[in-house]
Amino acid sequence: MQRITILGATGSIGVSTLDVVARHPDRYRVHALTAHQRVDELAEQCARFKPDVAVVGTAAAADRLAGLFKTKGLTTAVEYGEAALCRVASSADCDAVMAAIVGAAGLAPTLAAAKAGKKVLLANKEALVMSGRLFMEAIAASGATLLPIDSEHNAIFQCLPHGYGRVPDNHGVAKVLLTASGGPFLHRAVETLENVTPEEAVAHPNWVMGRKISVDSATMMNKGLEVIEAHWLFGAPASQIEVVIHPQSVIHSMVSYVDGSVLAQLGNPDMRTPIAHALAYPERITSGVAAVDLVKIGQLAFHRPDFTRFPCLRLAYEALSAGGTAPAILNAANEVAVQAFLDRKIGFRAIDRVIDQVMERLPHGELSDIGALLEQDLRAREAAQSFIQ
Ligand code: NAD
Ligand code: MG
């Protein structure tokens with residue numbers, strides 16, 4: 001029986017994870033569920049999965065949750081705040097942690113799981129983008145297992161040889177090819193992008209996801225963050241990570257080998273496939289996702305990405321090349337700019353302009369420790385705010 005903590009249980013990935021877990025009650029038991037604000041949804045999840053602990057963001061939310069538990073007759077303990085998130089991520093009562101909080105808020109608990117030697121199922125790409133080398137060192141030092149949930153990285157993981165040790169050249173890997181749908185604005189006239197609304201930006205053609213990652217997909221910052229994520233997960237330099245636009249989202253990514261072979265993982269665009277893969281690895285379990293019907297799809301298309309349409313992708317490659325704290329600055333500026341766009345304070349194209357200005361203004365430094373990293377994160381958020389107001 002594997003005992004699981006789900007960080008961000010009420011989000012898109014969290015709900016899909018519980019869907020897979022519910023199909024295999026003989027294999028999985030939930031140790032803890034966490035949510036930031038959606039107390040009612042969390043209470044319903046707890047009534048169904050009966051975790052030992054539930055964690056929310058604030059004391060007020062914890063009071064409300066405890067009240068709901070009382071009426072439901074639930075014995076689940078209620079905690080709140082970041083320290084509680086770190087406790088449930090590193091507890092001796094859990095074996096695996098689904099890291100599915102969105103953004104930098106997930107860094108501390110995800111790192112706590114890594115340090116505690118857990119099986120870390122990583123959806124929260126921002127945590128790895130920010131902390132890069134420090135995160136990978138924590139995984140190596142504790143002997144934790146790191147399994148990618150991001151569909152592209154999960155696909156690449158599946159296409160790499162067993163025992164791949166993060167050195168592409170040792171295994172004849174020439175390139176990893178990250179596929180990208182291109183999002184909702186792939187064919188929209190570039191000059192009209194300034195005026196797109198949050199509703200248009202979050203309407204992804206193939207995937208149903210949280211609002212932040214949906215905007216990231218529209219700017220292609222999501223793919224940029226994934227390039228950096230791939231660098232850390234697979235040890236590939238930027239020159240060996242290529243982005244290919246593939247609008248159907250059927251091929252989730254590929255690995256190109258020196259002998260000319262290209263291996264791909266295909267499937268319907270449903271996150272329950274990578275979630276089930278990582279939960280059961282190295283076994284295979286049902287996920288509720290049907291096999292892809294290739295005859296129905298008929299054709300698969302591929303294009304090169306256009307950096308003029310998607311400047312965020314260029315900015316991410318630049319941050320990866322700059323190294324150190326540059327990816328953390330990129331990530332922080334992006335989080336602030338995306339929130340401002342969702343709050344209708346800035347236009348869509350201002351997202352890449354704000355990030356560009358922050359990257360220019362803030363000198364990036366060495367990624368020496370988490371304290372220095374959080375300091376840079378804060379500086380970048382302040383700088384981004386100053387360009388917004
Ligand atoms: P979401 O917005 O649907 O859910 C986010 C979850 O995080 C919620 O449970 C929320 O309560 C929690 N949360 C938000 N802010 C928090 C805070 N400050 N403190 C603690 N908890 C907080 O997001 P999502 O789409 O499920 O994405 C989650 C992560 O997975 C992101 O990092 C995203 O990039 C990654 N991811 C998502 C998908 C997808 O299909 N949705 C695919 C690949 C990767
Ligand atoms: Mg992805």
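Any value given below was found using the heavy atoms of this structure, including those in side chains, with hydrogens, waters and symmetry copies removed. Since we're looking at a predicted model, the values are computed, not measured. One-based numbering, in listed order, for ligands and for the atoms of each.
- Ring geometry, Phe348 versus Phe185: the interplanar angle exceeds 60°, so the pair is classed perpendicular (tilted spans 30 to 60°).
- A ring-ring contact (aromatic ring centres under 6.0 Å, His included) with His171 is found for one member of Phe234, Tyr164, Tyr257 and no other, namely Tyr164.
- Nearest non-hydrogen protein atom to atom 41 (N) of ligand 1 is Ser12 OG, 3.3 Å.
- In summary, Arg29 and Asp52 engage in a salt bridge, as defined by a charged side-chain N under 4.0 Å from a carboxylate O.
- His204 and Ser181 are linked by a side-chain donor-acceptor pair at a separation below 3.5 angstrom, with hydrogens and angles left out of the test.
- The existence of a salt bridge linking Asp216 and Lys223 is excluded, since no basic side-chain nitrogen approaches an acidic carboxylate oxygen closer than 4.0 Å.
- Under a 4.0 Å heavy-atom criterion, Ala35 is in contact with ligand 1.
- Both the backbone and the side chain of His36 come within contact range of ligand 1, each with a heavy atom under 4.0 Å.
- We find that Arg38 and Glu44 are not joined by a salt bridge, their nearest charged nitrogen and carboxylate oxygen being 4.0 Å or further apart.
- Ranking protein heavy atoms by distance to atom 5 (C) of ligand 1, first place goes to Val102 CG1, 3.7 Å.
- With Val55, Ile101, Ile275, Thr110 as candidates, the residue nearest to atom 7 (O) of ligand 1 on a non-hydrogen basis is Ile101.
- In this structure, Tyr281 has its ring center closer than 6.0 angstrom to the ring center of His277.
- Salt bridge annotation for Arg27-Glu283: present, with a cationic side-chain nitrogen under 4.0 angstrom from a carboxylate oxygen.
- Given atom 27 (O) of ligand 1, the protein heavy atom at minimum distance is Ile13 CG1, 4.3 Å.
- A heavy-atom separation below 4.0 Å is found between Ala100 and ligand 1.
- A 6.0 Å sphere centred on OH of Tyr80 holds no more than 12 heavy atoms belonging to other residues, nucleotides or ligands.
- Taking only nitrogen or oxygen atoms, main chain and side chain alike, Gln37 does not reach within less than 3.5 Å of ligand 1.
- Under the 4.5 Å side-chain heavy-atom criterion for Ile, Leu, Val, Met, Phe, Trp and Tyr, Leu177 and Ile228 are members of distinct hydrophobic clusters.
- Ligand 1 has at least one atom lying under 4.0 Å from a heavy atom of Glu126.
- Looking at atom 43 (C) of ligand 1, its nearest protein heavy atom turns out to be Asp150 OD1, 3.1 Å.
- The Gly8 neighbourhood of ligand 1 comprises atoms 6 (C), 7 (O), 9 (O), with distances under 4.0 Å to a heavy atom of that residue.
- Counting heavy atoms under 4.0 Å from ligand 1, residue Ala105 touches it through the side chain alone.
- Comment: Lys175 engages Glu242 in a salt bridge, judged by a side-chain N to carboxylate O separation of less than 4.0 angstrom.
- Atoms of ligand 1 found under 4.0 Å from any heavy atom of Gly11 (numbered from 1 in listed order, with element): 1 (P), 3 (O), 4 (O), 8 (C), 9 (O), 26 (O).
- Hydrophobic clustering, with ILVMFWY side chains joined whenever heavy atoms are under 4.5 angstrom apart, groups Ile4 together with Met271.
- The part of Ile213 lying near ligand 1 is the side chain, judged by heavy-atom distances below 4.0 Å.
- Here the protein heavy atom with the shortest distance to atom 34 (O) of ligand 1 is Lys125 CE, 3.2 Å.
- The contact set between ligand 1 and Ala123, taken as ligand atoms under 4.0 Å from a residue heavy atom, comprises 30 (O), 32 (O), 35 (C), 36 (N), 44 (C).
- A single hydrophobic cluster is not seen to contain both Leu7 and Leu42; linkage of ILVMFWY side chains at heavy-atom distances under 4.5 Å, directly or through other members, places them apart.
- A salt bridge links Glu199 to Arg344: one of the charged nitrogens lies within less than 4.0 Å of a carboxylate oxygen.
- With a 4.0 Å heavy-atom cut-off, ligand 1 is reached by no atom of Lys212.
- Ranking the protein heavy atoms by distance from atom 25 (O) of ligand 1 puts Gly210 N, 2.8 Å first.
- Listed by atom number, the atoms of ligand 1 under 4.0 Å from Thr10 heavy atoms are 8 (C), 9 (O), 11 (O).
- Each protein N, O or S atom less than 2.8 Å from the Mg ion (ligand 2) was counted, giving 3.
- Side chains of His231 and Glu229: a donor-acceptor N/O pair is absent below 3.5 angstrom, by distance only.
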